[in-house]
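Report on one structure; see the data block that follows.
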Amino acid sequence: MTTGSELAHAISGSTRLYGIFGHPITHSLSPLMQTFALQHHHLDGLYVPFPVQPDHLPKALAGAIALGICGLNITIPHKEAILPLLDEVSTEAEFIGAVNTVDIRDGRTIGYNTDGTGFLMPLQELPMSFADTSACILGAGGAARAVTMALLRAGCPDLTLCNRTPERADRLCSDLRERFPQARVNWVPFEHAATAARDHLLIVNTTAVGLHPGDPQLLPETAFRPEHVVYDIVYRPLHTELLQMAKQRGATIVPGIEMLIGQGAEAFRIWTDHTFPTSDVRRLVYPLI
Ligand code: ATR
């Protein structure tokens, strides 16, 4: 049975409230990760999933401010829609066109996108230097925006996008060149992705291909070599076919769950100024994928 003192530790008159807005929200791993991190640091806080219908987003945000909620994660379908509702938006979130974290201070809302910082975190643990790393990016959508901006900010000098739709790739390319004039940024049509992959050190899949059984194969086995670092941002299954193939060819692989943990770590830092217990969170969530 739970004792009174345990309950007093779990919740108090000054408990700070955090949460996530999404719809549906039942499969989110964020409540588990963030609750674990709050408890790890003995912080007096609670993290709650809020199933917010698309039409209710403005009311839900106003409600969060009125209730004194301190921080929110924002997921599908609200990541883009929340932008115009916020008082301030970070440079990254503006560039990506999506917010996944909101900090609420003194009634003011500040929107962030922690995907890029989260994406970099597992790479920072590898013996590689961004300044010496060229990257081949599959896709040119919202996720590719987060990944490419983070890589160029970290000092990656050379980046090639592979995309089916020329307009999208062209737009992202010119947006990146404008912000990072010192870097070499190009794009190639998707049919040249295998050649592009062979020529770069880091390969990142930013598309959702690999999530569903029967999805097309993005790259042939021959695209991979042992020097490669291959990162798939798809996190279900834990090891996508792309990662399995890369591993068989001797490459270093990074599963998408690492980016999910990383984006949560950065949100937690923004809200609490505490570091995420990443190793423990890994042990917690890897078996759940
Ligand atoms: P997100 O915000 O998750 O990045 P998005 O903005 O819709 O989603 O972008 C999806 C990306 O995956 C796009 O670059 C898309 O390519 P197109 O611009 O040509 O549509 C890419 N994508 C989706 N399915 C793909 C497939 N079967 N093969 C190659 N690229 C694919």
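What you are looking at is a predicted structure, and each value in this text was computed from that prediction instead of being measured. Side chains included, hydrogens not; waters and symmetry mates left out as well; all remaining heavy atoms used. Whatever order the structure lists ligands and atoms in, that order sets their numbers, starting from 1.
Tyr286 and Glu258 are linked by a side-chain donor-acceptor pair at a separation below 3.5 angstrom, with hydrogens and angles left out of the test.
Each of the atoms 1 (P), 2 (O), 4 (O), 6 (O) of ligand 1 lies under 4.0 Å from some heavy atom of Gly142. Using a 4.0 Å cut-off to heavy atoms of Val209, the atoms of ligand 1 that qualify are 24 (N), 25 (C), 26 (C), 27 (N). Counting the atoms of ligand 1 from 1 in the order shown, those under 4.0 Å from a heavy atom of Ala143 are 1 (P), 2 (O), 4 (O). Those atoms of ligand 1 that come under 4.0 Å of a heavy atom in Gly139, given as number and element, are 14 (O). Below 4.0 Å from some heavy atom of Ala140 lie the following atoms of ligand 1, by number and element: 14 (O).
For atom 19 (O) of ligand 1, the closest heavy atom belonging to the protein is Thr165 OG1, 2.6 Å. Among all non-hydrogen protein atoms, the one lying nearest atom 9 (O) of ligand 1 is Gly141 CA, 3.4 Å. For atom 5 (P) of ligand 1, the closest heavy atom belonging to the protein is Arg168 NH2, 3.7 Å.
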Query raised in the report: What do the steps show when you test Val234 against Leu243 for side-chain contact (heavy atoms from CB on, under 4.5 Å), and what is the final call?
Result: CA-CA 10 Å; Val234 171; Leu243 290 185; over 6 Å; no
Requested in this report: Kindly determine whether Arg145 and Glu80 satisfy salt bridge (Lys or Arg N to Asp or Glu O under 4.0 Å), including the steps that lead there.
Outcome: CA-CA 14 Å; Arg145 284 190 164 256; Glu80 290 90 16; over 6 Å; no
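Aromatic ring orientation, His41 versus Phe268: parallel (interplanar angle below 30°, classes split at 30° and 60°). Relative orientation of the Phe21 and Phe50 rings is perpendicular, given thresholds of 30° and 60° on the angle between their planes.
For the side-chain contact (heavy atoms from CB on, under 4.5 Å) test with Lys79, the passing option among Val99, Asn73, Asp115, Ile96 is Asp115; the others fail. Tested against Thr160 for a side chain to side chain donor-acceptor pair (under 3.5 Å), the candidates His192, His200, Arg184 yield a single pass: His200.
Residue contacts with ligand 1, taken as heavy atom pairs separated by less than 4.0 Å, involve Thr207 via backbone and side-chain atoms alike. Counting heavy atoms under 4.0 Å from ligand 1, residue Arg164 touches it through both backbone and side chain.
The option from Ile233, Thr206, Asn163, Asp215 that lies nearest to atom 14 (O) of ligand 1, judged by heavy atoms, is Asn163.
Under the 3.5 Å distance criterion, the side-chain polar atoms of Thr15 are left unmatched by any main-chain donor or acceptor of Asp44.
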